[in-house]
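What follows is a set of notes on a single structure, which appears directly below.
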Amino acid sequence: MSEMSRRQVLISGGALGALGALGIGAAAQAGIGPPTGLDPRWVWDAEADPLVASLLDRGAVPEVNRLLWNWTRNDQPLPAGLPADLVAFIDGARQLPSWADQRKLELAAEFNKSRGFYLNLLNGVGGGMLSTAIPKEARAVYYSAGGANMEDRVAKTSILGFAVGSLNAYRPDGNCIVNSVKTRLVHAGVRHLLQQSPHWTSGIPISQTDILVTWHTLATFAMRKLREWRVPISAADADAYLHSWQVTVHMLGVRDEFIPATWEAAYAQSDQVLPPNMGPTREGVELTDILLGQLAEQTSPGSISRPLCNALGRFLVGDQVADWDQIPHEWVWESVIRNVWPILVRFREGLVPLPLVPEMAWVIDEALRQYILFFLTKGRETKIVIPTGNRPS
Ligand code: HEM
């Protein structure tokens, strides 16, 4: 893209983002690509949806999953034997957008590494708690096949999270393209299958707005929290981090016109789409309880208790979401975390010396490390596959 047109995109993104914040414009117009007037609430995935519906109806999915199991590297040719329509789709879907900037992706990878601790915490624990407070997502997860085994589901979802954050994410030897394309196929499968569930009454699931809502609970939420915690971030790093998520959401099938072009556009779109799409559900409460139980269980015995996990969850997502998710108050732990967290951040950033870091900070630090490690390990044991049914009721 020429410098001039890049600037025009950025300028229009910013201006339209501001309109969005005023509630005048549309999330639909703050994007990288030129607007077409489509409304992302009523756009799904025109290419993947009919394809996967047909694969499911033809009974081809188990064999497709078997063949794709060892398709893992970005540069890897597809295995022989896949249906021709699927091959045609993947050949297109695995191409990076023309605006992908390898230099920025490399910088984002470095940023993900240096800020990995915070990002894993924010995207893993924080993003998980937020997603259970998005009614459509909580219900979709609960009533789809993966809802019956949340440990496996979290591990699977973390595969993409770690793929985005890894150093070779979009390099030929990385796996982010593969996992994004597989996720796009999974979402298409869910769209077809969930509508057959007696529990699902919300029309076609996973619209482009829904994907953007979740995207904001990952990328935008993380950037806002890093800023709130005063983690130093250069403008180039912030831009690169945004870029890596822009590329990823494009690879998940979201149209460029809906993808925020700048952080300003992202904040505006987030403020516009999150509030109407968040709230409490019975399913969300149950999923949160499972997630926090896992966090407590997976870290080494004695180092982190369920009350500490509850307090951490509440600290990350704030009172409103925590109340929707019915995370119990743990007044003592909440005040401990509020007090030690800024010190821990400053220590990690080399801004305060060791003797000033209270013992409690290390309990939290260590617990989170173990949690992250656990899901890193789990994620390696499993792979993303297209579901063939819903949650067994
Ligand atoms: C599956 C990521 C948005 C619902 C997955 C998987 C990943 C993923 C990596 C594969 C793991 C698995 O099979 O369990 C993402 C990302 C999103 C996003 C990065 C947005 C940026 C959404 C939204 C919904 C949703 C908006 C619902 C409203 C589901 C469901 C599954 C799934 C139901 C399948 C679970 C199953 O196997 O039964 N997603 N997702 N996702 N996603 Fe998403």
Side-chain angles (χ1 to χ4, degrees), residues 40-41 43-45 48 52 56 61 65 68-69 123-124 127-128 130-165 169 175-197 199-200 202-222 244-254 258-260 266 269-270 273-274 277-278 281 283-284 287 375 378-379 381-393:
R41 286 174 301 175
V43 180
W44 292 271
D45 191 331
V52 180
L56 282 163
V61 169
N65 280 334
L68 287 181
W69 185 258
N123 290 336
L130 287 171
S131 68
T132 56
I134 301 169
K136 278 198 269 176
E137 182 161 355
R139 290 202 186 100
V141 168
Y142 193 91
Y143 294 114
S144 65
N149 183 350
M150 279 306 281
E151 192 168 297
D152 182 56
R153 162 116 195 143
V154 171
K156 275 187 180 150
T157 306
S158 70
I159 295 176
L160 185 66
F162 290 123
V164 175
N175 62 37
C176 207
I177 295 178
V178 168
N179 284 316
S180 301
V181 172
K182 285 187 175 178
T183 301
R184 197 171 159 190
L185 293 170
V186 172
H187 285 161
V190 169
R191 286 191 194 98
H192 186 65
L193 292 166
L194 259 189
Q195 293 182 84
Q196 298 163 19
S197 163
H199 304 286
W200 184 261
S202 313
I204 309 174
I206 323 186
S207 70
Q208 302 234 328
T209 294
D210 294 332
I211 296 183
L212 288 164
V213 166
T214 304
W215 187 85
H216 287 297
T217 65
L218 298 166
T220 314
F221 170 71
S244 72
W245 275 106
Q246 288 168 325
V247 171
T248 303
V249 80
H250 170 101
M251 299 307 284
L252 289 178
V254 171
F258 304 139
I259 303 174
Q269 192 187 63
S270 175
V273 297
L274 254 59
N277 283 293
M278 296 193 72
T281 54
E283 293 84 355
L287 293 178
F375 280 109
K378 273 269 166 193
E381 287 166 10
T382 178
K383 292 188 187 174
I384 296 173
V385 293
I386 307 169
T388 52
N390 291 314
R391 181 191 180 110
S393 33

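Ligands are counted one by one from 1 in listed order, and the atoms in each one are counted from 1 as well.
- Closest to atom 28 (C) of ligand 1, if we only count protein heavy atoms, is Glu137 CA, 3.5 Å.
- Few gaps surround CZ on Arg391; more than 12 heavy atoms of other groups in view lie less than 6.0 Å from it.
- The closest non-hydrogen atom to atom 33 (C) of ligand 1, taken over Gly161, Ser202, Ser144, Gly147, comes from Ser144.
- At least one heavy atom of Thr183 sits closer than 4.0 Å to an atom of ligand 1.
- The backbone N or O of Lys383 lies less than 3.5 Å from no partner atom in the side chain of Lys182, so there is not a single donor-acceptor pair.
- Aromatic ring pairs are classed by plane angle as parallel below 30°, tilted from 30° to 60° and perpendicular above 60°; the pair His199 and Tyr143 is parallel.
- Proximity of a side-chain donor or acceptor of Arg191 to a complementary backbone N or O of Ile204 within less than 3.5 Å is not detected.
- Of all atoms in ligand 1, numbered sequentially from 1 with element shown, those under 4.0 Å from a heavy atom of Asp210 are 26 (C).
- Side-chain atoms of Thr214 come within 3.5 Å of backbone atoms of Asp210 as a donor-acceptor pair (strictly under, hydrogens ignored).
- Protein heavy atom closest to atom 42 (N) of ligand 1, with residue, atom name and distance, is His187 NE2, 3.0 Å.
- Within ligand 1, the atoms closer than 4.0 Å to a non-hydrogen atom of Val190 are 30 (C), 31 (C), 33 (C), 34 (C), numbered from 1 in the order shown.
- At the top of the distance list for atom 17 (C) of ligand 1, counting protein heavy atoms only, stands Thr214 CG2, 3.8 Å.
- Here the side chain of Gln246 pairs a donor or acceptor atom with the backbone of Pro260 at under 3.5 angstrom.
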Exercise for the section: Report the C-alpha distance between Ser180 and Thr183 in whole Å, list the side-chain angles of each, state the deciding distance to 0.1 Å, and finish with yes or no for side-chain contact (heavy atoms from CB on, under 4.5 Å). Expected result: CA-CA 5 Å; Ser180 301; Thr183 301; 5.6 Å; no
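- Nearest to atom 25 (C) of ligand 1 among the protein's heavy atoms is Ile206 CD1, 3.7 Å.
- Scanning all protein heavy atoms for the shortest distance to atom 10 (C) of ligand 1 gives Ile384 CG2, 3.8 Å.
- Here the straight-line distance linking atom OG of Ser207 with atom CG of Asn277 works out to 7.5 Å at 0.5 Å rounding.
- Looking at Thr220 and Trp215, their side chains come closer than 4.5 Å, going by heavy atoms from C-beta outward.
- Of the protein's non-hydrogen atoms, the one nearest atom 16 (C) of ligand 1 is Leu252 CD1, 3.9 Å.
- The contact set between ligand 1 and Leu160, taken as ligand atoms under 4.0 Å from a residue heavy atom, comprises 9 (C), 19 (C).
- Checked against a 3.5 angstrom limit, the closest N/O atoms of Gly146 and ligand 1 fall inside it.
- Put simply, the side chain of Leu252 reaches to within 4.5 Å of the side chain of Leu160, judged on heavy atoms.
- For atom 11 (C) of ligand 1, the nearest non-hydrogen atom of the protein is Lys156 CB, 3.5 Å.
- Of all atoms in ligand 1, numbered sequentially from 1 with element shown, those under 4.0 Å from a heavy atom of Ala140 are 27 (C), 33 (C).
- The CG atom of Asn179 sits 11.0 Å away from atom CE of Met251, with the distance rounded to the nearest 0.5 Å.
- The nearest protein atom to atom 35 (C) of ligand 1, hydrogens excluded, is given as Arg153 NH1, 2.9 Å; this is a heavy-atom distance.
- The contact set between ligand 1 and Ala145, taken as ligand atoms under 4.0 Å from a residue heavy atom, comprises 38 (O).
- Considering both main-chain and side-chain atoms, Val249 never comes within under 3.5 Å of ligand 1 through any nitrogen or oxygen pair.
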